[in-house]
Amino acid sequence: MEPLERYRPIVDDFEAFLAACERSLGNAVRVNTIKASVDRATAALKADGVGYEEADWNPRVLRLETDSPGSTWASFHGFTHGQEEVSAVPATVLDPEPGERVWDCCAAPGGKATQLAALMDDRGTVVANDSNLGRISALRFNAERLGATSLAVTNDDARNYSLERFDFDEFDRSLVDAPCSCEGTIRKNPDALDGWSEGYLDEVSGIQKGILGRAVQATREGGTVVYSTCTFAPEENEAVVQHALNKEDCRVVDFDLDLEHSPGLTEWDGQEYDERLERAARIYPHQNDTGGFFVAKLEVTA
Amino acid sequence: MGNDASGGESDADLTQNDGQRFGRLPATADERTVEGRVSREAVVDYFADRFGIPPETFDEYTFWEKGAGKIWIYAGSAPSPIAIEAIGMTCLRTRQEHWKPTTDFVQRFGREAEECVIELEPEEGRAFAAGEDQELERWEGDWGYLIAAHDIAGELEPIGVGLYVHGELRSMVPKGRQREL
Ligand SMILES: C[S@@+](CC[C@H](N)C(=O)[O-])C[C@H]1O[C@@H](n2cnc3c(N)ncnc32)[C@H](O)[C@@H]1O
């Protein structure tokens with residue numbers, strides 16, 4: 001927990017935050033509406049004798065009362081997909097519509113890409129990309145299990161991604177669910193902080209800036225880009241968005257989120273950020289008894 | 001069943017199938033430009049003839065091939081050919097005498113099926129999902145690939161593809177999809 005000490009000045013009720021980070025997290029699933037309605041999925045869970053609780057902020061997210069969420073009929077049929085509750089936030093903020101062209105830059109293993117497809121009623125095009133070929137096989141497995149027919153899977157570095165292979169040259173929306181130091185997953189992976197170093201923050205934030213920049217460029221004017229990480233470090237969050245604001249044509253915009261959260265930071269470690277970064281959301285584990293996440297929504301302005 | 005050998009073109013004019021790229025299926029056999037490639041019409045007819053899935057089900061989808069006889073179904077937009085990792089989901093294998101739908105395809109589209117659907121009892125359903133073969137003498141329909149389904153919360157739900165021969169139903173659920181439920 002030591003690396004988290006640096007967030008004492010920015011987290012309200014820091015002791016509750018630390019205590020939450022030490023508690024392990026239960027099993028949550030997302031209802032895959034490509035294959036089943038919420039009613040059908042919950043009826044299948046009931047038939048299996050599996051208890052559940054619906055998340056207040058999103059009826060498609062269920063907290064399960066079982067230790068083996070993967071061995072239910074609901075899961076076998078692809079009615080449900082194991083996905084941490086806060087990890088269901090970014091796709092709902094991107095809010096894609098049926099028929100649109102959407103880019104998921106860092107998509108493996110596919111929890112959010114298949115959620116985007118479901119939000120689009122599986123109509124339109126979700127380009128699900130990842131630079132790691134090994135993780136692409138997990139992405140493909142999940143896409144097929146969940147019956148997502150609107151996914152096109154590519155294996156490239158998002159930083160210099162080319163759209164030449166497609167018959168369109170820009171996206172309506174893009175999701176950058178960036179590789180990160182994963183501090184917010186500590187409740188699922190107790191060793192998440194083991195390799196923590198400031199040097200890693202520098203290295204990964206360079207990659208994050210490159211990916212977000214490319215995502216803004218590849219998205220049409222008036223289109224939306226969502227930037228998210230499962231980490232608390234401002235170097236990987238507000239500083240990355242600030243870099244995009246400086247270099248690309250985009251601005252931070254508001255979004256509604258019915259989960260308790262804190263505003264994005266406007267300063268950290270002597271650096272000042274655009275005031276509009278307050279519109280980003282920092283979700284801490286003690287606020288809703290979940291993992292941690294950062295989400296910012298951008299509008300492309302040219 | 002379902003083969004598409006009726007096209008009159010000479011194979012000499014056709015290019016070889018390229019295993020690295022996805023090519024969109026031609027609408028009909030007459031429009032074929034790649035050797036051995038089946039047509040969209042043949043695929044849709046197969047699902048209708050074998051399983052009674054209405055052809056309109058697929059009106060808003062395109063079908064693609066990568067590698068010999070592995071057919072994919074896609075709802076999005078893409079030019080043909082295209083070299084990417086995956087396009088939609090795999091739905092059918094056509095380069096063998098009997099065409100074989102995939103487990104994930106029948107889970108996604110098999111609710112529309114009205115023929116060649118075998119209904120399993122709870123224990124049989126569990127065995128099928130675990131990948132086990134089982135004696136099932138009661139089936140009086142066609143032999144070959146069937147959709148195995150079971151009742152879940154009052155509605156019939158397809159589990160996967162089974163091969164029915166000589167009174168035995170063999171589960172075709174791929175290893176990675178098998179579960180002990
Ligand atoms: C947080 S994970 C994505 C999780 C995924 N969005 C989901 O919901 O299942 C970050 C991913 O970024 C990928 N990645 C890292 N660097 C990348 C790059 N330069 N271009 C594309 N993907 C990259 C990693 O392989 C990893 O799969």
Side-chain angles (χ1 to χ4, degrees), chain A residues 34-36 39-48 68 70-79 98-102 108 110 117 120-130 133 136-156 164-168, chain B residues 21-22 24 57-64 66 72-91 102-111 122 125-126 128-131 149-160 173-181:
Chain A
I34 295 174
K35 279 180 142 181
D39 284 349
R40 180 93 178 113
T42 53
L45 286 170
K46 279 185 200 144
D48 267 335
S68 41
S71 39
T72 61
W73 273 115
S75 163
F76 184 84
H77 284 293
F79 295 178
E100 287 187 328
R101 289 165 183 151
V102 177
M120 293 160 65
D121 297 332
D122 206 21
R123 308 301 322 164
T125 307
V126 178
V127 174
N129 176 71
D130 202 279
L133 189 59
I136 293 260
S137 54
L139 165 64
R140 287 182 44 185
F141 178 85
N142 285 325
E144 299 228 333
R145 188 177 75 81
L146 300 174
T149 61
S150 52
L151 252 57
V153 179
T154 64
N155 174 216
D156 276 302
E164 257 167 41
R165 69 196 107 199
F166 294 109
D167 51 358
F168 51 87
Chain B
R21 300 184 306 184
F22 289 94
R24 189 168 166 166
T57 309
F58 304 110
D59 280 355
E60 292 182 52
Y61 296 91
T62 51
F63 292 94
W64 302 70
K66 181 185 184 183
W72 301 61
I73 181 167
Y74 182 51
S77 63
S80 178
I82 184 168
I84 57 178
E85 300 298 316
I87 194 162
M89 62 190 290
T90 54
C91 65
T102 64
T103 293
D104 289 313
F105 172 81
V106 308
Q107 280 198 4
R108 174 74 163 82
F109 293 95
R111 277 183 227 173
R126 268 190 283 278
F128 191 88
H150 68 154
D151 177 281
I152 182 163
E155 272 177 63
L156 201 59
E157 196 66 47
I159 306 174
V173 176
K175 271 240 154 28
R177 283 287 264 126
Q178 294 170 6
R179 287 289 176 279
E180 303 285 342
L181 293 155

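What you see below is based on every heavy atom in this structure, not just the backbone, and it leaves out hydrogens, waters and symmetry mates. Residue numbering restarts at 1 for every chain, and letters A, B, ... go by the order of the sequence lines.
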*Asks:* Under 4.5 Å, counting heavy-atom pairs only, tell me which of B:Thr90, B:Thr102, B:Ile82, B:Ile73 racks up the most with chain A.
*Replies:* B:Thr90

*Asks:* When only pairs under 4.5 Å are counted, which of B:Glu60, B:Arg111, B:His150 shares the most heavy-atom pairs with chain A?
*Replies:* B:His150

*Asks:* Of all of A:Ala143, A:Ala152, A:Ala47, A:Ser68, which one pairs up most often with chain B through heavy atoms under 4.5 Å apart?
*Replies:* A:Ala152

*Asks:* Under a 4.5 Å cutoff for heavy-atom pairs, which residue among B:Gly160, B:Gly154, B:Ala83, B:Gly125 has the most contacts with chain A?
*Replies:* B:Gly125

*Asks:* Does the side chain of A:Phe141 reach to within under 4.5 Å of the side chain of B:Arg177, using non-hydrogen atoms?
*Replies:* yes

*Asks:* If I measure from the heavy atoms of chain A, does B:Phe109 come under 4.5 Å with its side chain, its backbone, both, or neither?
*Replies:* side chain

*Asks:* Counting distance only, does the side-chain N/O of A:Asp122 pair as donor-acceptor with the main-chain N or O of A:Ala148 below 3.5 Å?
*Replies:* no

*Asks:* Distance-only, no hydrogens or angles: does the A:Lys35 side chain make a donor-acceptor pair with backbone N or O of B:Gln107 under 3.5 Å?
*Replies:* no

*Asks:* Can you tell which of B:Thr103, B:Ile87, B:Val173, B:Ile84 has the highest number of heavy-atom pairs within less than 4.5 Å of chain A?
*Replies:* B:Ile84

*Asks:* How close do A:Phe79 and A:Ala44 get, heavy atom to heavy atom, and via which atoms?
*Replies:* CD1-CB, 4.0 Å

*Asks:* Between A:Thr149, A:Val127, A:Asp156, which shows the greatest number of heavy-atom pairs under 4.5 Å with chain B?
*Replies:* A:Thr149

*Asks:* For A:Leu139, which atoms come within 4.5 Å of any heavy atom of chain B: side chain, backbone, both, or neither?
*Replies:* neither

*Asks:* Where on B:Ile152 is there a heavy atom nearer than 4.5 Å to chain A: the side chain, the backbone, both, or neither?
*Replies:* both

*Asks:* Can you tell which part of B:Arg126 gets under 4.5 Å to a heavy atom of chain A, answering side chain, backbone, both or neither?
*Replies:* both

*Asks:* Check whether A:His77 reaches the backbone of A:Thr72 with its side chain - one donor and one acceptor, N or O, closer than 3.5 Å.
*Replies:* no

*Asks:* Heavy atoms only: give me the nearest A:Gly78-A:Leu146 pair and the separation to one decimal.
*Replies:* O-CD2, 3.7 Å

*Asks:* Backbone N or O of A:Asp130 within a donor-acceptor pair of the A:Asn155 side chain at under 3.5 Å?
*Replies:* yes

*Asks:* Using heavy-atom distances under 4.5 Å, tell me whether A:Arg140 contacts chain B through its side chain, its backbone, both, or neither.
*Replies:* side chain

*Asks:* Short question: side chain of A:Asp121, backbone of A:Pro98 - any donor-acceptor pair under 3.5 Å?
*Replies:* no

*Asks:* Which one of B:Gly88, B:Ala153, B:Ala86 has the most heavy-atom pairs closer than 4.5 Å to chain A?
*Replies:* B:Ala86

